[in-house]
2 protein chains.
Amino acid sequence: MSRMLTERTSKYESVVTIVDIARICNVSTASVSRVMTGLPGVKAEKREQILSTAENIGYRPNRAARRLVTNKSFMFGFIASDLRNTAYLEYFHTLEREVRREGYEFLIADSEQSVERENANIEKMLDNRVDGLMLFPVSDWLGDGNTSHLRRLDLKPIPVVIFGYLKGYGFDCILADEVAAATHLIDHLFDLGHRRYLYVGLGDLLNRPARERWNGVKQALTKKGLPASALQMTSSGSEGWSQEILTRLTSKMPPTAIICVNDLVAFQLYRPLRDAGISVPQDVSLCGFGTSRIEHTNIGDLLMPSLTTMDFDNEAVAKRGAIMLLDRLTDPSRLPRMSRVPGHLLVRESTGRAR
Amino acid sequence: MSRMLTERTSKYESVVTIVDIARICNVSTASVSRVMTGLPGVKAEKREQILSTAENIGYRPNRAARRLVTNKSFMFGFIASDLRNTAYLEYFHTLEREVRREGYEFLIADSEQSVERENANIEKMLDNRVDGLMLFPVSDWLGDGNTSHLRRLDLKPIPVVIFGYLKGYGFDCILADEVAAATHLIDHLFDLGHRRYLYVGLGDLLNRPARERWNGVKQALTKKGLPASALQMTSSGSEGWSQEILTRLTSKMPPTAIICVNDLVAFQLYRPLRDAGISVPQDVSLCGFGTSRIEHTNIGDLLMPSLTTMDFDNEAVAKRGAIMLLDRLTDPSRLPRMSRVPGHLLVRESTGRAR
DNA sequence: TTGAAAGCGATACCAA
DNA sequence: TTGGTATCGCTTTCAA
């Protein structure tokens, strides 16, 4: 602290407070505060003077002090289940834009797929008295139903929007409609004449979106009276499972359409299929879920053939989520909602008529 | 505020403070504070009692109050020049890991390529009294030298690390060595027998990394006594410029190697080249800069042929940046440094011997 | 329309 | 090893 004071006498500007302004303008700190917070009850002339001296001496309100007395932080918390996933960027970007005009700042934390870390992050956010929380729950990825630590959060009078699926709590939820997406995809393939399908999952037996996609595929096929075959893999290299797929493709009754749990998995099939002399979509149709983008460029568009996929509009999800949070902020007593955003089919080159 | 109080009597837990603990344990708030901050000078027995009652009644220190009195925020600021760029994720992820154990939280903001917004973000961070700031300057992208607003930041006694290039200020800088990277790339191609090169930039005449890459290419070629030809484009669609490239490739003395300003630009050439019947690397070698990753998967690896590129280790950059910040935190008087991290060449299928 | 003063919830100094 | 208390910068009654 004392070093701080000596530093202030060095090259650094000193920090000014409302007391300085009050002294200069010969008014009370109360009046300065009224002006700074935009409250009425200060004569226009004084207001002007206060505003201009504040500007002149470079006054900036101390957020910590303001937070302490108002018990509001003017901050939102954003907790991602795994920030390495680029989809969060799109979410965050949109969310930030949506609430920026309301003057909120963002505290961000990464749970890295760990329930313990998620809990610690929530505690941090509460310690900071965030005015609202956007939470991408780890439970969506681990699928072990381990959500009891969220009970404590539910007891707090703070608006929370869950970006994912969670029931039994008083939170608003927003998520993509995976089942409907799977249904659309099957419809598309069915219309092209496909009757034998192969679903390829990858190390995602517990992952909620992947599970819902698979369920959606099964339901849709069952409704059409068709059998569904799934390949669930856990390895991360493409070696083993792509080999297995090739084997099935060269069997007596091979699948004519392959549905991958996500675009990335589909991408990894391009090379093994080409090396085996199997053409897409002439020999087999290929499609995925969710669009992999890098700076506005769809990777699935670049590949040859370009990949048919069920795209989810992350921006739309984020916008709806932001609205949910803002709504709850103004009316904390409203009933919690769960909202599912439909995806849309991007038909590209990788799907064609069944041979 | 009154609503808050009524709410506290409803389903929500009430908020506890050190006063509550002090009363229950029959000690002063000073002692409680000492225990909570881990300071010595409290008898073991009392310490135990305080700790357990704190645990029991669910006490959590109020960050705002602590910040106000200590004049430290225990927060770092992270200002990205454009968060839509996925590279920031890798940076943030690593930075967060590196400083997490020190107990810092993260305030995040997006400048969206706007100097005005960058300045507003800096003000926000200062208002929050962040203990350190990681700034990706917009000037690196706009290249208009508009950095005067950073002077005010330079006058503050707060550690800042610039992730990018900036001179004339007292900040530490960390960035990738683009010129050396370009040199390596040329060396690689030269060794393969290439003598006629085409550099393809895209809407990045002002973008600092792109400029440095082009400069590096020019320098390297000049040193070898070779001419350099560049194509600078501003359109975002690949239509016009890819046509121009095809024209050059079918001219009398066509380039045998194409160097793209980044991987994404290279990706967009795959289709037009294939459609024109030009094979890579048989007819022309192709390479880029920077690796485009989606969740650990290198896109350049998936494409056929896979793309040769100069990769930059964002994790290494982030780690060095974190160390710089931590170093300056402990010794504010050290001289500012500028550190360049070398890239490394990923030789893949898209480059081969000159024909 | 104004100002005096009482907090907000911690920390840290000083005396005991 | 303790406790009393001033303090951080601001908001917000309450009286004037």
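Lettering follows sequence order; numbering is per chain, from 1.
Toward the 5' end of DNA chain D, the nearer of the two residues B:R129 and B:V27, judged by each one's closest nucleotide, is B:V27. Heavy-atom nearest nucleotides on DNA chain D were determined for A:A64 and for B:N26, and the one closer to the 5' end corresponds to B:N26.
When the side-chain hydrogen bond (donor to acceptor under 3.5 Å, both in side chains) test is applied to A:E112, the partners found at least two apart in sequence or on another chain are A:R117, B:H93, B:R97, B:R100. Evaluation of the side-chain hydrogen bond (donor to acceptor under 3.5 Å, both in side chains) rule for A:D144 yields no partner, not counting sequence neighbours. When the ring pair (Phe, Tyr, Trp, His ring centres under 6.0 Å) test is applied to A:Y104, the partners found at least two apart in sequence or on another chain are A:F76. In terms of the side-chain hydrogen bond (donor to acceptor under 3.5 Å, both in side chains) criterion, residue partners of A:T147 (sequence neighbours excluded) are, by chain and number, A:Y169. Scanning for side chain to side chain contact (heavy atoms under 4.5 Å, CB included) contacts around A:L89 gives B:L83, B:T86, B:L89, with sequence neighbours left out. Under the side-chain hydrogen bond (donor to acceptor under 3.5 Å, both in side chains) criterion, B:R63 pairs with B:E105, sequence neighbours left out. In this view, A:D140 and A:P137, A:Y165, A:R208 satisfy the side chain to side chain contact (heavy atoms under 4.5 Å, CB included) rule, not counting sequence neighbours. Partners of B:T17 according to the side chain to side chain contact (heavy atoms under 4.5 Å, CB included) rule, which considers only residues two or more places apart in sequence or in another chain, are B:V19, B:D20. A search for side chain to side chain contact (heavy atoms under 4.5 Å, CB included) contacts involving B:R47 returns B:V35, B:V42, B:L51, not counting sequence neighbours.
Separating the CG atom of A:N71 from the P atom of C:dG9 is a distance of 7 Å, rounded to the nearest angstrom. Between the C1' atom of C:dA10 and the CD1 atom of B:I18 lies a distance of 5 Å, rounded to the nearest Å. Taking atom CZ of residue B:R60 and atom C1' of nucleotide C:dC8, one finds them 19 Å apart after rounding to whole Å. To the nearest angstrom, P of D:dG9 lies 14 Å from CG of B:D127. For A:K72 and C:dC8, the NZ to C1' distance is 16 Å, given to the nearest whole Å. Going from atom CG of A:L68 over to atom P of C:dA10 covers 9 Å, rounded to whole Å. A straight line from CG of A:D20 to C1' of D:dC10 spans 13 Å, rounded to a whole angstrom. Rounded to an integer number of Å, the gap from A:I21 CD1 to D:dG9 C1' is 12 Å.
Aromatic pair A:F106/B:F106: ring centres not closer than 6.0 Å. Residues B:Y91 and B:F136 place their aromatic rings such that the two centres sit under 6.0 Å apart.
Here D:dT11 is the nucleotide among D:dT11, C:dG3, D:dG9 with the atom lying nearest to any side-chain atom of A:T29. For B:V69, taking side-chain heavy atoms from C-beta onward, the closest of the listed nucleotides D:dT7, D:dC10, D:dT2 is D:dT7.
Within residues 35-50 of chain B, the residues that have a heavy atom under 4.0 Å from DNA chain D are, in order of number, B:G41, B:V42, B:K43, B:K46.
Applying the 4.0 Å criterion to OP1 and OP2 of C:dT11, one finds that B:T70 has every side-chain N and O outside that range. The side chain of B:S28 contributes an N or O atom lying less than 4.0 Å from OP1 or OP2 of D:dG3. The phosphate of D:dC10 (OP1 or OP2) has no side-chain N or O of A:S33 nearer than 4.0 angstrom.
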Strictly under 3.5 Å: I want the nitrogen or oxygen pairs between protein and nucleotides 14-16 of chain C, one per line.
none

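When the C1' atoms of four end pairs are superposed on the next four at each end of the helix from C:dT1-D:dA16 to C:dA16-D:dT1, using five pairs per end, the two resulting axes differ in direction by 40°, to 10°.
Under 4.0 Å is where a charged nitrogen must lie from a carboxylate oxygen, and between B:R152 and B:E123 at least one such pair does.
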